[in-house]
Amino acid sequence: MSKFVVTTFSSEASAYEGTRALRELHAAGDLTLYELAVISKDSGGKLSIKEGPDELAGTAIGSLVGAMVGVLGGPAGVIVGLTAGMLLGSISDLLNIGVGTDFLDKVSRGLAPGKAAVIAEVDEDWVTPLNTRMEALGGSVVREWRSDFEEAQIAKETAANKAELAQLNAEMAQSAAEAKAKLQSRISEVKAKLDELSGQAQTKLQKLEKDTNAKISALNDQIAKANAENKARIKERLVELRADHDRRVAKLKQAGALIKEALAA
């Protein structure tokens, strides 16, 4: 499973040295670098993107960078003081790619005005190679595992709405005429929510396929260039990636099957 790694530096120049170090570690097979971006915070606390994916919304790093720029443009510890309403947009995007507010707050505390950060998605067997290179450049590293929060949330909401729909249909069959209108209204709401969840599951499946195919391509490119020792390790990463992909696809397809079953009842 891949990780998000944010390395904070004292300057943009050092951050770009960090990007070169990451690419060298990738070339050596010490880790697999899927994507990276560079952001900086000016003296007034404003964050800007210096390097990153062309389409921010199209990738995990893009979503992470976009949300971070939207949230971290304030003082250190800003996440702790955010209200639920303020969290709704950017933080929701972060949760969907498996990033918690504790991780974001650690980054916020390190990314003071005048500093820059390299944000990367990597797959690594050991943390020491990356830590050693980044610390030699004066960087401070923070990691966060990517999780399948969104898939789990879709599955959870699907099961809950399926159970509620079954209960409402059972109640509808035994209710007096005056209660049926309200029950029917709620049944329509639950069915609409299930339709929405079905769309979310399909969208997530498409994104997952695109993301996985891009990672497979990066790994195969590494395998073709690696020496015998590193080639074996990179192949293991490929096996783990496929297994993680299959598990997440199964969860989404199961949610889709539950939705069809619920709506057909």
Side-chain angles (χ1 to χ4, degrees), residues 1-7 15-38 51-66 68 93-94 96-99 103 117-134 137 139 141-152 201-253:
M1 184 183 296
S2 63
K3 304 172 187 175
F4 289 122
V5 179
V6 178
T7 308
Y16 280 108
E17 289 181 20
T19 65
R20 286 192 289 273
L22 274 166
R23 291 185 173 107
E24 288 170 3
L25 289 166
H26 175 88
D30 292 316
L31 56 75
T32 300
L33 173 64
Y34 295 120
E35 276 193 311
L36 64 76
V38 178
E51 179 180 337
D54 293 334
E55 296 182 10
L56 283 181
T59 65
I61 282 291
S63 297
L64 177 57
V65 171
M68 288 175 68
D93 292 338
L94 292 169
N96 285 340
I97 55 173
V99 175
F103 169 74
V118 178
I119 304 165
E121 184 180 1
V122 306
D123 202 339
E124 58 185 353
D125 303 304
W126 305 97
V127 300
T128 300
L130 188 151
N131 286 353
T132 300
R133 291 293 300 273
M134 295 302 165
L137 296 171
V141 180
V142 179
R143 287 176 173 81
E144 177 82 320
W145 287 101
R146 284 199 65 180
S147 72
D148 56 354
F149 174 86
E150 193 171 10
E151 291 94 330
Q202 288 301 315
T203 298
K204 184 62 182 176
L205 273 170
Q206 292 170 3
K207 288 182 178 179
L208 180 57
E209 291 299 324
K210 181 179 179 181
D211 184 53
T212 301
N213 288 336
K215 288 178 176 177
I216 288 172
S217 178
L219 287 162
N220 282 331
D221 183 62
Q222 267 194 309
I223 289 168
K225 299 173 182 177
N227 59 36
E229 180 183 354
N230 285 339
K231 186 171 293 188
R233 289 190 297 163
I234 298 167
K235 285 182 176 180
E236 287 179 5
R237 293 175 202 158
L238 182 57
V239 170
E240 291 171 1
L241 172 66
R242 292 186 187 278
D244 183 60
H245 164 268
D246 292 346
R247 178 181 57 80
R248 294 170 71 182
V249 166
K251 189 177 292 186
L252 289 167
K253 287 186 175 180

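Worth knowing before you read on, the calculation uses all heavy atoms, side chains too, and leaves out hydrogens, waters and symmetry mates. Keep in mind it's a predicted model, so treat the numbers as computed, not measured.
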Inset, instruction - Please check if the side chain of R143 supplies one atom and the backbone of V127 the other of a donor-acceptor pair under 3.5 Å. - result: yes
Legend entry - Atom NZ of K235 with >12 non-hydrogen neighbours under 6.0 angstrom: no
Inset, instruction - Indicate yes or no: does K251 engage E151 in a salt bridge with an N to O separation below 4.0 Å. - result: no
Inset, instruction - Looking only at non-hydrogen atoms, find the nearest pair between A21 and M134 and report the distance. - result: CB-CE, 4.3 Å
Legend entry - Spatial distance of atom CD (E35) from atom NZ (K215) [nearest 0.5 Å]: 9.0 Å
Inset, instruction - Return the minimal non-hydrogen interatomic distance between L33 and H26, and the atom names on each side. - result: N-ND1, 2.9 Å
Legend entry - From CD1 (I61) to OH (Y34), nearest 0.5 Å: 12.0 Å
Legend entry - Whether D30 side chain and L130 backbone form a donor-acceptor pair below 3.5 Å: no
Inset, instruction - Report the distance from atom CZ of R20 to atom CG of L25, rounding to the nearest 0.5 Å. - result: 13.5 Å
Inset, instruction - Establish, from distance only, whether the side-chain atoms of Q222 and T32 form a donor-acceptor pair under 3.5 Å. - result: yes
Legend entry - Shortest non-hydrogen contact from V6 toward A117: CG1-CB, 4.0 Å
Legend entry - Point-to-point distance, once rounded to the nearest 0.5 Å, from CG of L238 to CG of L219: 5.5 Å
Inset, instruction - Write down the atom of T7, the atom of G139, and the distance for their closest heavy-atom approach. - result: CG2-CA, 3.8 Å
Legend entry - Check: R237 and L241 side chains under 4.5 Å, non-hydrogen atoms: no
Legend entry - Salt-bridge contact D246-R242 (side-chain N to carboxylate O under 4.0 Å): no
Legend entry - Exam field: side chain S217 to backbone A214, donor-acceptor pair closer than 3.5 Å: no
Legend entry - Gap between atom NE2 of H245 and atom CD1 of I216 - 0.5 Å precision: 7.0 Å
Legend entry - Euclidean distance, D211 CG relative to Q206 CD, rounded to 0.5 Å: 13.5 Å
Inset, instruction - For residues V249 and E209, determine if any side-chain heavy atom of one lies less than 4.5 Å from a side-chain heavy atom of the other. - result: yes
Inset, instruction - Considering non-hydrogen atoms only, spot the tightest contact between E121 and S2 and give its length. - result: OE2-OG, 2.7 Å
Legend entry - Closest contact, heavy atoms only, I234 versus G29: CD1-CA, 4.1 Å
Inset, instruction - Compare all side-chain heavy atoms of L22 with those of L31 and state whether any distance is below 4.5 angstrom. - result: yes
